[in-house]
Number of protein chains: 2
Amino acid sequence: MPTIKDVAQRAGVAISTVSAVINRSAPVSEEVIQRVEDAIAAIGYLPHGAAKALRSGDSRLIGLILPDITNPFFSTVARVIETVCMRAGYMTFVYNTDEDVDHEMRILKMMRAQRVAGMILISTRSDAEHGQRLMSEINVPTVLFSSNVPATPYDAITLNEAKASRIAIDYLAGLGHRRIGVLSGRPHVSTHEERLEACLDALRAHGIEPQAELIVAANFDQSQAFEACRALLALPEPPSAIFAFSNLMMVGMMRAVVSSGLACPRDISLVGIGDFEWPEIMNPQMTVVSMPAAEMAECAIETLLDQIASKRPPTGRRIMFDPRLVIRESTAAPLVPLPA
Amino acid sequence: MPTIKDVAQRAGVAISTVSAVINRSAPVSEEVIQRVEDAIAAIGYLPHGAAKALRSGDSRLIGLILPDITNPFFSTVARVIETVCMRAGYMTFVYNTDEDVDHEMRILKMMRAQRVAGMILISTRSDAEHGQRLMSEINVPTVLFSSNVPATPYDAITLNEAKASRIAIDYLAGLGHRRIGVLSGRPHVSTHEERLEACLDALRAHGIEPQAELIVAANFDQSQAFEACRALLALPEPPSAIFAFSNLMMVGMMRAVVSSGLACPRDISLVGIGDFEWPEIMNPQMTVVSMPAAEMAECAIETLLDQIASKRPPTGRRIMFDPRLVIRESTAAPLVPLPA
DNA sequence: GTGAAAGCGCTAACAG
DNA sequence: CTGTTAGCGCTTTCAC
């Protein structure tokens, strides 16, 4: 591989001059610029990223840590962040935690070893203990995404979780459902805790006392949601509607209904959080609380880039985006409304 | 950030000793190892990736270039490669081309600037001209994935494309279909060219002369497939079955059928290449030619890692994986079989 | 066993 | 405007 020295030699100038024309970091005569650019093109020179990073102390690298790129919500987020980063001259590392705390910490270490300039982190937990872990491992601008970690100085871009739950429960209750199941996520994650709390509030607001047997945590996991939903459906007094806290859990529920020989929405109404791109090929087309994934991702990366550029410390503020109820075919009034 | 120097100081040893214990590259006494490791832990030292890469000439970086991570086939591939790479001590850059040649070249440049140790490339074109471009831009071990670029020295891991088409057409013809539409991909891509050629062969083998009006290229794109399928359906003599060359084009077809007020498989049979993870929630559940995505990805990364480690030049060989027909509900015998 | 020193490719400070 | 040079953090001879 040719180095900057080879370019200088060929162009008949000093190394620093080459650096100056590459980075436009000092004024150079038009004629010399031309000679240098010709030399670069002739020998196919490309600056050595690691050398540049080492010397300048700026890796031009950004880390994106998410649960699972296989989930369409997160892959959409990744695409947006990749695009914005590239435009800003950053490269992106995208890594999957699989919702595993240890793995998250391992990835954080790799990011630190690469001296990334900043990170977007969809963390696996939101509790104070994890906040401590994060703060001890992170030493670059970081913005939290989707899930929040309160006891932490980082900015967070999230959904308005309370509203998301409220919308869903209000809609279901409005349809006449009284026995409403909830497939929650995983304790210690803000997207679970906040949605769950708002669910309970909303249920009570409709005069429905939450039943423990109808509220089950399925770990944000498709197959666990499948099992949990089957169990709910097999209850002596099954719910007439279920609200799940994620897109993949919604899928799990739909599979469970099929495999139980039931029909949605005839036997059971289903609502999830997070939409899919082609609802019309699903059976049934799902009613969901949708979130503005792309806008949220854009906000997150803009926030991060701004923090990196301005060298301002994070303000610890939280930016919330509004969910929106998209009514399709997986919900209906209960078959046999309970007596008032 | 602490450096190796700080560790050496704290442990009371020389820099080179610290390096030796970190990399186990030279024998060091147990006692000193302990002292060094304590020092590392105490100050939270983590080797500087760029410095290491610069000095050792080994970036420990692998590039994965694919069309679109949003496509479940590619995100599955990415997960496998990330996992295997991490186990082997490599980090991964994943980048999307959006099927754009210029963008592919831009990404290749970034990879070269980072001095990646190797690449897995799902290229956007397969013709000789593009092969030339690739060879002039690539100077590290590279393995081609999914699409092949024949005039090139790189190993390629692909589907057995001929067989994929044959399976699909045989099945459709066996069902009694004579007017079979084909939604092909994009010219100059092997996954288009090879599948198309095999399609025509298979059609003729069944005594069906391919009709130009029934064969349309939809660019491997979901919405173009939607449009193309609608057009096919609106033909005076529409096909009774359509075979599409990708998973997303299959989605586009299913949407087109819905939006045309038709029913699949009653009015039209549909087959695609590439499966989805939860077929049972689709309407209808789709019949597809499935490919072993994870095994193929594993083969690709193993091949690459082996090439990097052994420093053997690529053999230019092609490893093909067998497709498998998965019959579900999107196919049936034609409503009105043509007279023999 | 351990330590001193050269140098990977680059940037930036400074002298000309 | 151009050229020389120090040194980013690390690995790796090569003396000791």
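Within every chain, numbering begins at 1; the chains are lettered A, B, ... in the order of the sequence lines, protein sequences first and strands thereafter. Computed from heavy atoms alone, side chains included, the values below leave out hydrogens, waters and symmetry copies. Note that the coordinates shown come from a computational prediction; the quantities given were computed from them, not determined experimentally.
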With sequence neighbours left out, what residues match [X] under side chain to side chain contact (heavy atoms under 4.5 Å, CB included)?
| X | answer |
| --- | --- |
| A/Met110 | A/Tyr95, B/Met86, B/Met91 |
| A/Arg115 | B/Met1, B/Leu46, B/His48 |
| B/Thr124 | B/Thr97, B/Val101, B/Glu104, B/His130 |
| B/Glu31 | B/Ser29, B/Arg35 |

Pairwise distance CD(A/Glu298) to OG1(A/Thr303) - rounded to 0.5 angstrom: 10.5 Å
Distance, rounded to the nearest Å, where B/Gln9 contributes CD and C/dG3 contributes P: 13 Å
Starting at CZ of A/Arg60 and ending at C1' of C/dG9, how long is that distance when rounded to a whole Å? 18 Å
Short N-O contact, B/Arg79 and A/Asp68, less than 4.0 angstrom: yes
May I ask you to decide if the ring planes of A/Phe220 and A/His192 are parallel, tilted or perpendicular, using 30° and 60° as cut-offs? perpendicular
Let me check the geometry of the helix from C/dG1-D/dC16 to C/dG16-D/dC1. What is the bend angle between the axes at its two ends, five pairs each, to 10°? 40°
5' to 3', nucleotides 8-16 of chain D under a 4.0 Å protein heavy-atom cut-off (B base, S sugar-phosphate only, - none) gives BBBBB----
Within the 4.5 Å heavy-atom criterion, are A/Ile138 and A/Tyr154 side-chain neighbours or not? yes
